[in-house]
S.K.: 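First the structure, then my questions, so here it is.
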There are 2 protein chains.
Amino acid sequence: MPTDATTAEPATRCTLADVAARAGVSASTASLAFSGSGPVSDATKERVLTAASELGYAGPDPRARSLRRGRSGIVGVVLEERVRSAFLDPVKIQMLDGISDAIAPLGAGVLLLTETGRGADAVSIEDAPLDAVVLIGCSPRLGESVEVLRRRGIPAVAIEGDPGDDVVEIGIDNREATRAGAEYLRSLGHTSVAIVTLPFDAARTRGPLTADLEHAGTADTASERLRGARDVFPSIGGRVAGGSSIEEGLEAARELLRDPAGRPTAVIAQSDLLAAGVIRAAEELGIRVPEELSVLGFDGIRPDGLQADLTTLVQPSVAKGRAAGEAVVRMLAGERPESVRFTSELHVGDTTAPPRA
Amino acid sequence: MPTDATTAEPATRCTLADVAARAGVSASTASLAFSGSGPVSDATKERVLTAASELGYAGPDPRARSLRRGRSGIVGVVLEERVRSAFLDPVKIQMLDGISDAIAPLGAGVLLLTETGRGADAVSIEDAPLDAVVLIGCSPRLGESVEVLRRRGIPAVAIEGDPGDDVVEIGIDNREATRAGAEYLRSLGHTSVAIVTLPFDAARTRGPLTADLEHAGTADTASERLRGARDVFPSIGGRVAGGSSIEEGLEAARELLRDPAGRPTAVIAQSDLLAAGVIRAAEELGIRVPEELSVLGFDGIRPDGLQADLTTLVQPSVAKGRAAGEAVVRMLAGERPESVRFTSELHVGDTTAPPRA
DNA sequence: GAGCGGGGTCGAATCGATTCGACTAGACTA
DNA sequence: TAGTCTAGTCGAATCGATTCGACCCCGCTC
């Protein structure tokens, strides 16, 4: 009797064995009929399928299937922060898009994971049925994650941040790109330049850019971009933001621009969102951009609510995601893909200009 | 011998049984030692844990665990469209945020699913190890999805769109809200009003708003909002967009505003993104907003790049997501949560004004 | 000292499907 | 007609952990 929509669930859901029994075949044959891999006569197949629909059988249980097959069809994507903040960052979304695009042929889904501490109640990298993992973001905790995955034997790909060892990495030329941007500023005539960086440590400590903070850090992206700036302006100073957001940029820039005396003529922001915050701070303080202050961003997204055409270093976010996805597909196929390094390009908008004499 | 970082994986990964053997206890005891549920002497526990770390055991296999326990710790979120487009819609992101927030105490992760056709190669609602599912969006395919889930015995919650029967639904007052907005337009003096709707059918057919299209449709949201507009402007006409995006709004509005003779003095857009597109179309055509054209949106997000303060119907997106997540948690706990209906609020911005005499 | 209770451990069944090797009939060849 | 082959089917082992009931032994009580 088919289950009625309004009745409670049957005491026990029906299994492949039930279907097989009803069709008068063995469980193995029924399995073959469903998976299609193996010789089964059309008549038998039909009988099995009929029995299944009569019983309201919803197909093989994915849990059992994945235990037997050793594959779950799920690729984890680790976002360093909470899901909410990751989605505020357009760069992450673009990468996620690239990833889900690239793994589609694998028939796998994307499981969102966050880097909460171990043993937390949220599902984590330690206990989720994953076939592979993509680590997104310049996470200081990368080392731990990689170690966990290695123990579990799960292939991993990292986007940004040095995972070390033999983990495939998808990155960009953070240092060179920033240097190019800094050189552009110098070519405009700027000599008094400050920087607003991404956080250096896991705690996301914000504050003035000190040697302490800088060296305690493990965040590759922030360090590399800073190095690029130092290549051109060796003694550059500035502030460390607590993350990539307009709000953080605003806060950092308020400090940076507060004192009219020591005010820089240009600010290098390590992300477009930070740059947008810097611009907003300038507006607050009545400082005109780019006449009185040049602002350089990084990423190449269009921050929400910013009408200026930001001068920035455009990185191929979607391509990065796609490359990561493709690497996952290859690893699952037993290959050993190479790391990839993309290059960024300077886009000159209207937020940079020569400094006022 | 512990696995060296550089060696290939051991032929077979080690299992709980291996650990138990090494610790000199039975598999059952080892399991107890790991899960902590059951009486195990401290000495034994210690021995097991030691053996595990010596062997490089990474903890129980989640696949086996979920088979036995019948829970996978994964909640699916079905986005009707591709992942990429879903993330372009700020409303969806906000709901997703609310969901992931609410299910956190469950210790479950969020698996992104898209409503691709059956049997597609992508992981789907039919074969993913899910404990529960949240259906997002006014999907015409909702019926099929609900049926699949019912067969599989997976609890479901729908956000927007009438899932029918006994499925919990989280919604808003689409009709009443739109009516309120329309009444506001009428109170300003508008009588010639057009509408740009969301798609009515699964194929996302775009074009003029005809009775055919309208009635063939199964998309609850579009229909309800249209009804609300009809409550005030019974003979309202307009165009059906192919989705919620600035691009679609732009395209629809070009048609709508092309002919200066029959041009409406106000446009009701069924989403803020569509509204942003309408405004952009007006700019293209040299029509001033709000002096020559009033535009009303729906959602309460700030569309990217739109500097106007959109007059719109603000819906509580995050709260909707959170309510859905909470419903999931309750269902998994064996309760039967109630459906929830939120209300939207009219926000008067600067895109609406009385029509020119 | 016999009886009793309970902490600690173990065996074995179980979750549900997949898959490999074996087996059976019927078709086809020599 | 005996022998070979193949398509179709079945049994049984397997994936790895969890869990229920049984069991044992030690300490306590009367």
Side-chain angles (χ1 to χ4, degrees), chain A residues 10-48 51-52 55-73 126-131 151-154, chain B residues 10-48 51-52 55-73 126-131 151-154:
Chain A
T12 81
R13 300 212 63 74
C14 90
T15 76
L16 186 56
D18 301 332
V19 173
R22 181 174 184 113
V25 298
S26 75
S28 18
T29 303
S31 173
L32 260 12
F34 269 100
S35 68
S37 59
V40 184
S41 73
D42 289 346
T44 308
K45 192 173 205 163
E46 178 102 1
R47 273 220 314 294
V48 173
L55 254 32
Y57 179 64
D61 184 326
R63 288 180 288 254
R65 182 211 291 278
S66 80
L67 170 59
R68 186 66 243 250
R69 298 235 247 233
R71 285 273 173 97
S72 63
E126 323 221 357
D127 50 16
L130 304 171
D131 289 346
R151 289 170 84 86
R152 288 190 56 190
I154 296 177
Chain B
T12 79
R13 301 211 63 75
C14 91
T15 75
L16 185 57
D18 301 332
V19 174
R22 181 175 183 110
V25 299
S26 74
S28 18
T29 303
S31 172
L32 260 13
F34 269 101
S35 66
S37 60
V40 183
S41 73
D42 289 346
T44 309
K45 190 172 205 163
E46 177 101 4
R47 272 220 316 292
V48 172
L55 255 30
Y57 179 63
D61 183 325
R63 288 179 288 254
R65 183 211 291 277
S66 80
L67 171 58
R68 186 67 241 249
R69 295 235 248 235
R71 284 274 174 97
S72 63
E126 322 220 356
D127 51 16
L130 304 171
D131 288 347
R151 289 170 85 85
R152 289 190 59 191
I154 297 177

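Within every chain, numbering begins at 1; the chains are lettered A, B, ... in the order of the sequence lines, protein sequences first and strands thereafter. Only this structure's heavy atoms are used, side chains among them; waters, hydrogens and symmetry mates stay out. Just so it is clear, the model here is predicted, and its values are computed rather than measured.
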S.K.: Assess, by modelled atom type and distance only, whether the side chains of Thr29(A) and Ser26(A) contain a donor and an acceptor separated by less than 3.5 Å.
M.R.: yes

S.K.: In chain order, what residues pass the side chain to side chain donor-acceptor pair (under 3.5 Å) check against Ser72(A), with sequence neighbours excluded?
M.R.: Asp131(A)

S.K.: Just jot down the side chain to side chain donor-acceptor pair (under 3.5 Å) partners of Ser35(B), sequence neighbours excluded, or say none.
M.R.: Ser37(B)

S.K.: If the condition is side chain to side chain donor-acceptor pair (under 3.5 Å), which residues does Ser41(A) pass it with, not counting sequence neighbours?
M.R.: Thr44(A)

S.K.: Report the C-alpha distance between Val48(A) and Phe34(A) in whole Å, list the side-chain angles of each, state the deciding distance to 0.1 Å, and finish with yes or no for side-chain contact (heavy atoms from CB on, under 4.5 Å).
M.R.: CA-CA 8 Å; Val48(A) 173; Phe34(A) 269 100; 4.0 Å; yes

S.K.: Angle between the end axes of the helix from dG1(C)-dC30(D) to dA30(C)-dT1(D), five pairs per end, to the nearest 10 degrees?
M.R.: 50°

S.K.: What one-letter contact string describes nucleotides 10-23 of chain C from 5' to 3', where B marks a base within less than 4.0 Å of any protein heavy atom, S marks contact via sugar-phosphate atoms alone, and - marks no contact?
M.R.: BB-BBBBBBB----

S.K.: Minimum heavy-atom separation for Arg63(A) to Pro129(B), with atom names?
M.R.: CG-CB, 4.2 Å

S.K.: Holding to side chain to side chain donor-acceptor pair (under 3.5 Å), I want the full list of residues that pass it with Thr15(A), two or more places apart in sequence or in another chain.
M.R.: none

